[in-house]
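Structure first, then comments.
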Amino acid sequence: MSRILVVDDEPSIVTLLKFNLEQAGFTVETALNGTEGYKLASGETHDLIVLDLMLPGMDGMEICKRLRQEKIKTPILMLTAKGDEFDKILGLELGADDYLTKPFSPREVVARIKAILRRAKTEEEDTSKNEKLISIGDLAIYPDQFEAHFKGEKLVLTPKEFELLLYLGNHNGKVLSRDQLLDAVWDYDYAGDTRIVDVHISHLREKIEEDTRQPKYIKTVRGFGYKMEGM
């Protein structure tokens with residue numbers, strides 16, 4: 001259940017938002033001034049902050065600015081009674097995720113919040129995915145997803161092709177013997193049979209090399225083995 005912090009100095013708006021957000025399944029915490037709102041926003045974990053622009057104690061712009069300076073990435077939906085385009089642009093530049101002008105319907109606020117949370121979740125998943133990304137030129141390998149992409153297109157790989165590509169990627173720039181690759185990727189049943197390495201290297205080259213006769217990614221080191229080379 002997502003936790004929402006509502007910071008607004010108008011009790012009627014706070015009450016309206018709290019009721020509608022709770023009806024939509026959110027847990028809601030509230031603050032009626034900027035100082036209290038900033039303290040709650042910086043000291044507790046929330047999934048989203050609904051933040052009024054004009055607040056006593058500390059205004060919404062200042063709160064937003066401070067939170068982003070402190071590397072607090074909680075999504076922020078700004079509220080304002082103003083229609084000034086400059087305020088909207090400035091708010092977004094300071095790190096707000098969306099902007100809503102009063103008067104608004106509670107349904108619209110709920111819809112905006114859900115949209116922001118969906119977007120934040122997607123970005124978080126993408127960030128998590130990319131943390132372990134192995135990027136070599138136009139080649140991207142995602143170990144946790146057992147996926148590899150070349151020039152943005154997902155490669156169709158057999159399990160052994162992926163394991164071989166991953167091992168090469170993890171040792172980018174290092175010369176690896178056929179025996180090393182065989183031991184790392186294949187079962188003991190293939191002990192000594194390095195031809196299977198050559199066959200799989202050939203298959204990988206067909207999928208990631210523009211010219212298999214002059215490979216740019218998987219280089220042959222004559223008399224020894226292969227080397228993955230970054231671009």
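In this chain, numbering begins with 1 at the start of the sequence shown.
Here the CG atom belonging to N33 is positioned 11.5 Å from the CG atom belonging to D52, to the nearest 0.5 angstrom. One finds the CG atom of N172 at 8.5 Å from the CD1 atom of I141 (value rounded to the nearest 0.5 Å). One distance of note links CG of L48 with CZ of R112; it measures 12.0 Å at 0.5 Å rounding. Distance check: K65 NZ to D59 CG gives 10.5 Å after rounding to the nearest 0.5 Å. Taking CG of L51 as the reference point, atom CG of L55 lies at 6.0 Å (rounded to 0.5 Å). Between the NZ atom in K207 and the CG atom in L139 there is a gap of 12.5 Å [rounded to 0.5 Å].
Between L204 and L157 there is a side-chain heavy-atom pair separated by less than 4.5 Å. Taking 4.5 Å as the limit, every side-chain heavy atom of K227 sits out of range of all side-chain heavy atoms of K174. Counting heavy atoms from C-beta outward, M228 and K219 have side chains that stay 4.5 Å or more apart.
Nearest approach of I134 to P143, heavy atoms of both residues: CD1-CG, 4.2 Å. In terms of heavy-atom proximity, I76 sits nearest to C64 at CD1-SG, 3.8 Å. For the pair E70 and S42, the tightest heavy-atom approach, listed with the atom from each and the gap, is OE1-CB, 3.9 Å. Nearest approach of D47 to T74, heavy atoms of both residues: C-CG2, 3.8 Å. Residue A24 comes nearest to V110 through the heavy atom pair CB-CG1, 3.9 Å, listed as atom of the first residue, atom of the second, then distance. Here the closest heavy-atom approach between residue V14 and residue D8 is recorded as CG2-O, 3.3 Å.
Atom CZ of F146 sits in a sparse spot, with 12 or fewer heavy atoms from other residues, nucleotides or ligands closer than 6.0 Å. Under a cut-off of 6.0 angstrom, the local environment of CD in Q69 is crowded, with over 12 non-hydrogen atoms contributed by other residues, nucleotides or ligands. Within a 6.0 Å sphere centred on CZ of F19, heavy atoms belonging to other residues, nucleotides or ligands number 12 at most.
L77 and V28 fall within a single hydrophobic cluster, where Ile, Leu, Val, Met, Phe, Trp and Tyr are joined by side-chain heavy atoms under 4.5 Å apart, directly or via other members. Using a 4.5 Å cut-off between side-chain heavy atoms of Ile, Leu, Val, Met, Phe, Trp and Tyr, with links allowed through other members, L5 and F26 fall into different hydrophobic clusters. Transitive grouping of hydrophobic side chains (ILVMFWY, heavy atoms separated by less than 4.5 Å) brings V197 and I208 into a common cluster. Note on I136: it clusters hydrophobically with L176, by side-chain heavy-atom contacts below 4.5 Å among ILVMFWY residues. In terms of hydrophobic clustering, with Ile, Leu, Val, Met, Phe, Trp and Tyr side chains grouped at heavy-atom distances under 4.5 Å, M58 and V6 are assigned to different clusters.
Judged by the 6.0 Å and 45° rule, R66 forms a cation-pi pair with Y38.
Of the charged side-chain nitrogens involved, at least one lies within less than 4.0 Å of a carboxylate oxygen, so that K154 and E147 count as a salt-bridged pair. A salt bridge between K18 and E29 is absent, with no side-chain N of the basic residue lying under 4.0 Å from a carboxylate O of the acidic one. Ion pair K151/E153 not flagged as a salt bridge, since none of the NZ, NE, NH1 or NH2 atoms sits closer than 4.0 Å to an Asp/Glu carboxylate oxygen.
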Quiz item: Can you check ring pair (Phe, Tyr, Trp, His ring centres under 6.0 Å) on Y217 and F150, steps first, answer last?
Solution: CA-CA 11 Å; Y217 289 90; F150 185 68; 5.7 Å; yes
Exercise. Evaluate the side chain to side chain contact (heavy atoms under 4.5 Å, CB included) criterion for residues K114 and L117: first the C-alpha distance (whole Å), next the side-chain angles of each, then the deciding distance (0.1 Å), finally the verdict.
Key: CA-CA 5 Å; K114 288 181 176 179; L117 290 175; 5.8 Å; no
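Put simply, the side chain of R205 never gets that close to the backbone of P215: no donor and acceptor are under 3.5 Å apart.
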